[in-house]
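Here is the naming used below: chain letters follow the sequence lines, and residue numbers restart at 1 for every chain.
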There are 2 protein chains.
Amino acid sequence: MEEVRRRDREGTRQRILEAARRLFAELGYDHVTMRLIAAEADANIALINRYFGAKRELFAEVLAMQGRFPGVLDGPQEELPRRLAEYVADRLLSDRGSPVMEALSRSSATPEIQGIIKDRVSSAIMEPLAGRLTGEDARLRASIATALITGSGTLRQLFGQDALDAPAREVVVERLARVFEVCLAP
Amino acid sequence: MEEVRRRDREGTRQRILEAARRLFAELGYDHVTMRLIAAEADANIALINRYFGAKRELFAEVLAMQGRFPGVLDGPQEELPRRLAEYVADRLLSDRGSPVMEALSRSSATPEIQGIIKDRVSSAIMEPLAGRLTGEDARLRASIATALITGSGTLRQLFGQDALDAPAREVVVERLARVFEVCLAP
DNA sequence: TAAGTTAGTAGACGCATGTTTACTTCGTCA
DNA sequence: TGACGAAGTAAACATGCGTCTACTAACTTA
């Protein structure tokens, strides 16, 4: 009955990385223990440190492997607010949130990794967003949109998927799209 | 040179409460230790548990003593978006954020106190806000505004007071006011 | 087949946490 | 004045954490 998949360095590494991704998103940095990751990945705890160095670096690698808003920031400029609205609405209404969004808003209070998260929010959300905006105060407008995105993550994590009293998806998208429009407009 | 303020039960209780308020706001629930509170309050650690029972209950008491958006939710209805905008802008730009806002967004990932925070966000922000709104989907609109408020807390805590590239206060308030208007409008 | 490399393992290490216990000291009131 | 209750204290408790070390066993290669 024993699994014969042994001595597979790369495979084990991937299982650890995937377990860490899932757990960090669900529980936040502080509440994920090395032992929990090891159990979830069905790997020995010492291998985590051997392959990744330390918990902090594992977290950094997890964030690094996430795409930067795939399909949201790309596409026609005039539909950007709507794509953001759909992204946020889907994450709020679906049975699980966005791993990046959740990991970020759940882990941002930990000094140990604050720098990592700051860089990630900057490079994956704020800067690409600000870069797509024209007119004055682009960075301010991008920041407000970012606040709305991360705040949605916090809300989701507190209230689960019925944070919004469960109206129809289209109503949520419509409202969010209008809000993002005002955020991003020059 | 010794302080002679000894054997003052109520005074000690208040010093502990005040130190806890400050520290929870600054560091979040997880990263505030009982020993840190005791040191900051210049009190013995055992007294914290004697007076408050447990860390969790101390946190609940800290949240309970905070006013519910004093001066923001009250006042003429048509200026509500602007008052919210001023509140958020001031917290983002000033040298320290709002204790409630910070404590909430810094501590929301801890399962131990998730219920406390959830109740607090509901009763202090979302429900009063939704109660002031007319028209359909009041709860959805209040939720989006809440997301923006808590998201601002997260942003502030990540980037400090120059999260917004430091434009003039009036510019920030103006933009936020327009966003809140769209959030809250029927 | 023997030797060497390395993935995988068990367990301990040192430290920090929230909480509790046993004790001391102060203040008050009979 | 002496005794008693309560405020304050020091130290320990049990637990959980990230990390590291010494070891075993599987695969590769000569």
(message) Nearest whole Å is fine: how far is C:dT20 P from B:Lys55 NZ?
(response) 15 Å
(message) Over all strands shown, is A:Tyr51 touching base, sugar-phosphate only, or nothing at heavy-atom distances under 4.0 angstrom?
(response) sugar-phosphate
(message) Rounding to an integer number of Å, can you tell me how far A:Glu112 CD sits from D:dG18 C1'?
(response) 9 Å
Just distance, no hydrogens or angles: give the donor-acceptor pairs under 3.5 Å from side chains in residues 124-137 of chain A, sequence neighbours left out.
{"residue": "A:Arg132", "atom": "NE", "partner": "A:Leu73", "partner atom": "O", "Å": "2.8"}
{"residue": "A:Arg132", "atom": "NH1", "partner": "A:Pro128", "partner atom": "O", "Å": "3.1"}

(request) Assign the ring pair A:Phe24 / A:Tyr29 to parallel, tilted or perpendicular, where the plane angle (0 to 90°) is split at 30° and 60°. (result) parallel
(request) Look at the side chain of B:Arg35 and decide which nucleotide, out of D:dC20, D:dT9, C:dT17, has an atom nearest to it. (result) C:dT17
(request) In whole angstrom, give the distance that lies between atom CD1 of A:Ile45 and atom C1' of D:dG16. (result) 11 Å
(request) With axes from five pairs an end, tell me the bend angle of the helix from C:dT1-D:dA30 to C:dA30-D:dT1, nearest 10°. (result) 20°
(request) Report whether B:Leu176 and B:Val173 are members of the same hydrophobic cluster (ILVMFWY, side-chain heavy atoms less than 4.5 Å apart, transitive linking). (result) no
(message) With a cut-off of less than 4.0 Å, is there a side-chain N or O of A:Thr12 near OP1 or OP2 of C:dA7?
(response) no
(message) Checking the side chain of A:Arg106 only, and the main-chain atoms of A:Gly153 only, is there a donor and an acceptor separated by less than 3.5 Å?
(response) no
(request) Examine distances only and state if a side-chain atom of A:Gln114 and a backbone atom of B:Gln157 form a donor-acceptor pair shorter than 3.5 Å. (result) yes
(request) Using atom CG of B:Asp42 as one end and atom C1' of D:dT9 as the other, report the distance to the nearest whole Å. (result) 13 Å
(request) Measure from the side-chain N and O atoms of B:Arg56 to the backbone N and O of B:Glu112, and report whether any donor-acceptor pair falls under 3.5 Å. (result) yes
(message) Which nucleotide wins on minimum distance to the side chain of A:Leu47, given the candidates D:dT19, D:dT9, C:dT9?
(response) C:dT9
(message) Tell me if a side-chain donor or acceptor on A:Arg15 pairs with a main-chain N or O of A:Asp42 at a distance below 3.5 Å.
(response) yes
(request) Could you check how far CD1 of B:Ile113 sits from C1' of C:dG18, rounded to whole Å? (result) 14 Å
(message) Output the rounded distance in Å from CG (A:Leu23) to P (D:dG18).
(response) 12 Å
(request) Whole angstrom is fine here: how far is it from CG in B:Asn44 over to P in C:dT20? (result) 14 Å
(message) Under 4.0 Å from OP1 or OP2 of D:dC20: is there any side-chain N or O of A:Asn49 that close?
(response) no
(message) Any side-chain N or O of A:Arg7 below 4.0 angstrom from OP1/OP2 of C:dG8?
(response) no
(request) Select one nucleotide: of C:dA10, D:dA22, D:dA10, the one nearest the side-chain heavy atoms of A:Arg50. (result) D:dA22
(request) Calculate the interatomic distance between B:Asp30 atom CG and D:dC17 atom P; express it in whole Å. (result) 12 Å
